[in-house]
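Okay, so here's the structure we're looking at.
All heavy atoms count here, side chains included; hydrogens, waters and symmetry mates do not. Count residues from 1 along the sequence.
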Amino acid sequence: MAVMGGQNPLSAQVSCGSLLQQLQLIWDEVGESDEERDNMLLQLEQECLDVYRRKVDQASRSRALLLQQLADSKSELARLLSALGEKTFVGIPEKSSGTIKEQLAAIAPALEQLCNQKDERIKEFADVQSQIQKISGEIAGTIKAGEHVKPIVDEEDLSLKKLDEFRSQLQGLQKEKNDRLHKVLELVSNVHDLCAVLGMDFFSTVTEVHPSLDDSAGVQSRSITNETISKLAETVVELKEDKKMRLRKVQELAAQLYDLWNLMDTPADERSLFDHVTCNISATVNEVIYPGALALDLIEQAEVEVERLDQLKFSKMKEIALKKQAELEDIYARAHVEIDSAAAQEKIMTLIDSGNVEPAELLANMDNQILKAKEEALSRKDILEKVEKWMSACEEESWLEDYNRDDNRYNSSRGAHLNLKRAEKARILVNKIPALVDTLVAKTRSWEEDHGMTFAYDGVPLLAMLDEYAMLRQDREEEKRRMRDQKRFHDQTSTEQEAMFGARPSPNRPLGSKKVVGPRVNGAGSNGTPTRRLSLNNGPRSGSKDSGKRDSARASAPANYVAISKEDAASHVSATDPTPASP
């Protein structure tokens, strides 16, 4: 009879044998037949088989479960290694040996470590991906600054390579965020500076672009979206354009203020009230950085002042026009150009009273006349300087003639040595007169050819004056020769008479007569005839004086120069030079 498995065979044999003996004893006592006994033994054997079979099935199921656990463990181990990007792991047995439980026990520590490593890796991925999504959302404008983001981590790929890719992406986004934040702060700073110069409210201007741009908000919480940066850039461009327009307006107002101040001789203390406006008259856009320098109220204040001065200018229009006319006459007087001052003033007064011309237009026309007068005076400057030298030399020549006529000039009287030195200098200067006259004639003719008009000096053609001077100088030389011949004849006659009758006083040297050398009286020439003196003074002349007063106010011409009248001079020029006379 078979023994029961799973027990000690010896104890099982003993137990079954003793029980079987007891069963046989009972059967003997009872008198069971052999057939009954065989049936019962077969039944016992069947029951034992059933028990063994159940145990075997139970053991098989347990083994299958362990095998499944081992397979699942190996599969999980392989999945974790793949997810973590690891090809192998320290602690995993290289070969499968031993019982199933031994194999499970060998894999369990490595599996636990990999699970822990996976959890840590997931946390790292979640942290990096949350920052990436947060910064990307801030750049795109889909996430507000400081808003929490929960990322979705792909647990199938937790390799270090993938983590490094996310970290590189995060670094790029962080750099882009810093660049954008720097750009935003720079634009906000530009808006602040421009608003300060323009006198505008910075907070209302910048919060119109985005509420987070207020200084009260943290730097990291400011919007860095493309839309915000674009709007800020547009705001800066608009403010810069507004700054240019306002600066141009301020400079125009400053120029108008200067013109009006100069016209009306505004005192310096009144001008200083608008120094904050006029200080930017020549400034560039980048140079204007002072707060409120281009504020609207400042521009309005300057506009009001310009309007006030304009109204004041209209009330003083006649005074201003006469002032400019006086300036024009002064320029022509210095240039020795004659103009009809009375007619010009009368014309100005008529235009102002009639109201047919704008005051600004009239003043601009007079400014143009002044400019042309200055240009003409500049073109005459070289010739006028030589005319002054010529007239001064003529004065010295006249003085030298008087000095030479004085018979007592060598006496040791007071100041005689000074007159002697002056005479030496005068002789040198007189010897230069012919060359100076020739130069003057050449320059004057060149000037007349260039300008197509006669060069007049105080209304008298200069070439006529020079020609008249040349003729007078020639006449004077002839007179000197005649006087020398007459004196020589007289001396010869006197010598003969003295030889015949003895010495006697000369009738050419009256007794008691003594001529004093000094300045000649204006209006008398060398022969005692009156002369018209030409102006030697380049100073200003009053435009209100009539022509008679101006002629009487002119300084005298050379004493030996007998002037001709304007009509005679003009006729002389017309006979010698076809160039038309100047107006």
(message) Go through it in stages, so that I can follow the logic: the residues are T225 and H210, the test is side-chain contact (heavy atoms from CB on, under 4.5 Å), and I'd like the CA-CA distance, side-chain angles, deciding distance and then a yes or no.
(response) CA-CA 10 Å; T225 63; H210 198 276; 5.6 Å; no
(request) I would like to know whether N365 and E361 meet side chain to side chain donor-acceptor pair (under 3.5 Å); could you show each step before the answer? (result) CA-CA 6 Å; N365 185 25; E361 183 179 352; over 6 Å; no
(request) Could you walk me through whether L239 and C195 pass the side-chain contact (heavy atoms from CB on, under 4.5 Å) test, one step at a time? (result) CA-CA 8 Å; L239 292 176; C195 287; 4.1 Å; yes
(request) With side chain to side chain donor-acceptor pair (under 3.5 Å) as the test, would you mind laying out the steps for E329 and Q325 before giving the verdict? (result) CA-CA 6 Å; E329 293 176 3; Q325 179 63 23; 3.2 Å; yes
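Other residues, nucleotides and ligands contribute at most 12 non-hydrogen atoms within 6.0 Å of the CD atom of E346. Under a cut-off of 6.0 angstrom, the local environment of CD1 in I152 is sparse, with at most 12 non-hydrogen atoms contributed by other residues, nucleotides or ligands. For K323, the NZ atom counts as densely surrounded, since its 6.0 Å shell holds more than 12 non-hydrogen atoms of other residues, nucleotides or ligands.
Look at E375 and K372 and you find no salt bridge, because none of the NZ, NE, NH1 or NH2 atoms lies under 4.0 Å from a carboxylate O. In this structure, D179 pairs ionically with K175, as a charged nitrogen and a carboxylate oxygen lie closer than 4.0 Å. A salt bridge links R167 to E124: one of the charged nitrogens lies within less than 4.0 Å of a carboxylate oxygen. A salt bridge is defined here as a Lys NZ or Arg NE, NH1 or NH2 lying under 4.0 Å from an Asp or Glu carboxylate O, and K425 with E396 fails to meet this definition.
Taking CG of L436 as the start and NZ of K389 as the end, the distance is 7.5 Å to the nearest 0.5 Å. Considering CD1 of I135 and CZ of R180, their distance stands at 11.5 Å, rounded to 0.5 Å. Interatomic distance, CG of N280 versus CD of Q251, reported as 7.5 Å (0.5 Å rounding). Note that the OH atom of Y469 and the SG atom of C394 stand 4.0 Å from one another [nearest 0.5 Å]. Distance check, rounded to the nearest 0.5 Å: CZ of F274 to OG1 of T266 gives 10.5 Å.
A parallel orientation is assigned to the rings of Y403 and W399, their planes being inclined by less than 30° (bins at 30° and 60°). Using the six-membered ring where Trp is involved, F455 and W447 have ring planes that are perpendicular, over 60° apart on the 30 and 60° scheme.
Between the side chains of D127 and Q131, at least one donor N or O lies within less than 3.5 Å of an accepting N or O. No side-chain N or O of Q169 forms a donor-acceptor pair with one of E165 less than 3.5 Å apart.
Without hydrogens or angle criteria, N178 side chain to Q174 main chain gives a donor-acceptor distance under 3.5 Å. Using a distance-only test at 3.5 Å, with no hydrogens or angles considered, a donor-acceptor pair links the side chain of T205 to the main chain of D201.
Checking K244, R246, R248 one by one against V285, the side chain to side chain contact (heavy atoms under 4.5 Å, CB included) holds for a single residue, K244.
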